[in-house]
Undergrad: 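First, the structure itself, so that you have it in front of you.
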Amino acid sequence: MLTCGNPYHGTILYFSYTGRAFDHQKLFKVLPMLLILLYARTNVGRRGRYQSLILLGLFFCMLGDGLLIWFVIGLSAFLIGHLFYISAFFGRWNFSWLRFATILPISIYSTWISHEIVQSLIEKGEHNLIIPVICYVTVISLMGWAAFMTGNAAAIIGGLLFMISDSILSWNKFIDDVAFSGPLIMLTYYAAQFCIANSIRRKPSFHVSRDLKSERPIQ
């Protein structure tokens with residue numbers, strides 16, 4: 001004969017189940033970044049300043065993946081990761097006028113999307129997110145431009161994919177739904193991180209136009 005159990009037992013079981021599901025979700029978000037970080041570490045060769053900064057950037061982005069449920073905390077971890085990327089990329093500054101000129105379209109785009117996000121935040125009354133979001137958009141745009149200035153093919157592709165991924169995420173979160181946003185965000189994000197990790201190799205495994213890239217390997 002079945003009897004009714006204590007309702008608190010059901011509550012405990014529910015939160016135990018959702019807690020496990022939540023932990024699994026975090027694990028599957030962090031695991032790909034851990035694999036990318038290990039890939040970068042095993043391909044680092046001679047470890048110099050550039051390689052160390054990229055590894056630190058990957059590590060903080062991995063933290064960001066796990067902490068993004070607390071949006072501002074996760075965003076801060078990503079922000080630190082991008083600052084490490086920027087420092088690494090500017091340390092491998094390789095000037096060309098064509099690459100330098102990319103600052104114009106990147107600036108126009110970042111200004112436009114910042115305006116759209118801020119307007120949406122104002123309409124929703126989420127004024128506390130305006131400054132963190134503006135700071136993040138500024139930093140990731142600087143990171144994308146800094147990647148161009150390395151002349152390294154993998155870094156350039158990684159920087160662009162990162163901007164695309166975060167643009168989809170931001171538009172979907174703050175402005176309007178984006179079709180297939182989940183797969184699009186994660187595919188472009190992990191591809192971006194893999195490309196940035198790949199940039200520490202002496203000879204990246206793919207190339208872009210000679211006008212944009214440099215033949216000088218990253219050491």
Side-chain angles (χ1 to χ4, degrees), residues 32-65 77-110 113 136-170 184-219:
M33 274 304 300
L34 178 60
L35 294 175
I36 291 171
L37 182 59
L38 292 173
Y39 166 81
R41 182 65 186 88
T42 56
N43 285 278
V44 74
R46 184 173 65 84
R47 187 166 172 176
R49 180 179 178 274
Y50 182 88
Q51 289 81 1
S52 297
L53 289 170
I54 292 296
L55 290 172
L56 284 168
L58 290 168
F59 175 75
F60 274 94
C61 286
M62 183 177 69
L63 287 182
D65 281 325
F78 277 113
L79 189 69
I80 295 169
H82 285 310
L83 291 174
F84 280 120
Y85 289 156
I86 290 168
S87 181
F89 294 154
F90 277 141
R92 286 292 177 259
W93 179 276
N94 188 20
F95 185 82
S96 88
W97 281 112
L98 180 59
R99 290 196 298 272
F100 187 83
T102 59
I103 194 172
L104 184 59
I106 289 173
S107 297
I108 292 171
Y109 176 74
S110 62
I113 198 166
Y136 186 78
V137 172
T138 302
V139 168
I140 195 171
S141 300
L142 182 60
M143 185 277 292
W145 181 64
F148 269 99
M149 294 311 298
T150 66
N152 179 274
I156 292 170
I157 296 170
L160 282 174
L161 285 173
F162 220 133
M163 291 179 65
I164 292 169
S165 178
D166 278 1
S167 294
I168 299 170
L169 187 152
S170 300
L184 287 172
I185 291 165
M186 300 319 293
L187 283 172
T188 50
Y189 170 69
Y190 290 126
Q193 296 285 26
F194 176 76
C195 289
I196 291 172
N198 194 56
S199 74
I200 67 174
R201 292 164 58 100
R202 184 170 179 82
K203 292 183 178 179
S205 54
F206 44 83
H207 304 283
V208 294
S209 166
R210 288 180 179 273
D211 293 327
L212 289 175
K213 77 181 184 70
S214 167
E215 296 298 325
R216 180 170 63 86
I218 288 182
Q219 300 173 348

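Computed from a predicted structure; not experimentally measured.
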Undergrad: For Leu79, which residues count as a side chain to side chain contact (heavy atoms under 4.5 Å, CB included) partner, sequence neighbours excluded?
TA: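 For Leu79, the residues satisfying side chain to side chain contact (heavy atoms under 4.5 Å, CB included) (neighbours in sequence not counted) are Tyr136, Val139.
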Undergrad: For a 4.5 angstrom cut-off between non-hydrogen side-chain atoms, does Met143 reach Phe89?
TA: yes
Undergrad: Which heavy atom of Tyr50 sits nearest a heavy atom of Ala155, and at what distance?
TA: OH-CB, 4.2 Å
Undergrad: What's the shortest heavy-atom distance between Ile36 and Ala197, and which atoms?
TA: CG2-CB, 3.7 Å
Undergrad: Between CD1 of Ile106 and CD1 of Ile140, what distance do you get to the nearest 0.5 Å?
TA: 10.5 Å
Undergrad: Would Tyr109 and Ser141 count as having a side-chain donor-acceptor pair, cut-off 3.5 Å?
TA: no
Undergrad: Roughly how far, to the nearest 0.5 Å, is the CD1 atom of Ile164 from the OG1 atom of Thr188?
TA: 7.0 Å
Undergrad: Kindly indicate whether the side chain of Asn198, heavy atoms from C-beta on, has any atom under 4.5 Å from the side chain of Tyr39.
TA: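 Yes, their side chains come closer than 4.5 Å.
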Undergrad: Over all heavy atoms of both residues, which pair between Ala192 and Gly158 is shortest? Give the atoms and the distance, please.
TA: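 Taking Ala192 first and Gly158 second, the nearest heavy atoms are CB-O, 3.4 Å.
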Undergrad: Rounded to the nearest 0.5 Å, how far apart are CD1 of Ile196 and CG of Leu55?
TA: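 The distance works out to 12.0 Å.
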Undergrad: Just checking Phe90: does its CZ atom have more than 12 heavy atoms from other residues, nucleotides or ligands closer to it than 6.0 angstrom?
TA: yes
Undergrad: Decide yes or no for Tyr190 and Met33: does some side-chain heavy atom of the first lie under 4.5 Å from some side-chain heavy atom of the second?
TA: yes
Undergrad: Would you name the heavy atoms of Cys195 and Ile157 that are closest together and state the gap between them?
TA: SG-CG2, 3.8 Å
Undergrad: Within the structure provided, determine whether Asn152 and Arg92 are in side-chain contact (heavy-atom separation under 4.5 Å).
TA: no
Undergrad: Go through the steps for Phe148 and Leu160 under the test side-chain contact (heavy atoms from CB on, under 4.5 Å), then give the verdict.
TA: CA-CA 9 Å; Phe148 269 99; Leu160 282 174; 3.7 Å; yes
Undergrad: Is the ring pair Trp97/Phe100 parallel, tilted or perpendicular, if the boundaries are 30 and 60 degrees?
TA: perpendicular
Undergrad: Heavy atoms, side chains only, cut-off 4.5 Å: are Arg49 and Ser87 in contact?
TA: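 SC-SC contact between Arg49 and Ser87 confirmed.
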Undergrad: Measuring from His82:NE2 to Thr138:OG1, what's the distance to the nearest 0.5 Å?
TA: 12.0 Å
Undergrad: Parallel under 30°, tilted from 30 to 60°, perpendicular over 60°: which one fits the rings of Phe95 and Trp93?
TA: parallel
Undergrad: Do side-chain atoms of Ser165 reach the backbone of Leu161 as a donor and acceptor pair under 3.5 angstrom?
TA: no
Undergrad: So how far is it from Leu56 CG to Ile80 CD1, rounded to the nearest 0.5 Å?
TA: 11.0 Å
Undergrad: What about the rings of Tyr189 and Phe162, do their centers lie closer together than 6.0 Å?
TA: yes
Undergrad: Decide yes or no for Ile113 and Met163: does some side-chain heavy atom of the first lie under 4.5 Å from some side-chain heavy atom of the second?
TA: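 No, too far: nothing below the 4.5 Å cut-off.
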Undergrad: Does the side chain of Asn94 reach to within under 4.5 Å of the side chain of Arg99, using non-hydrogen atoms?
TA: yes
Undergrad: Quick one: does any side-chain atom of Ser170 pair with a main-chain N or O of Ser167 as donor and acceptor, under 3.5 Å?
TA: no
Undergrad: Between Leu169 and Ile185, what is the shortest heavy-atom contact and its length?
TA: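 Nearest pair, atom of Leu169 first, then Ile185: CA-CD1, 3.6 Å.
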Undergrad: If you define the side chain from C-beta out and look only at heavy atoms, does anything of Leu58 sit under 4.5 Å from Ile54?
TA: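 Leu58 reaches Ile54 side chain to side chain.
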Undergrad: Can you tell me how far the CD atom of Gln193 sits from the CG atom of Leu37, to the nearest 0.5 Å?
TA: 10.0 Å
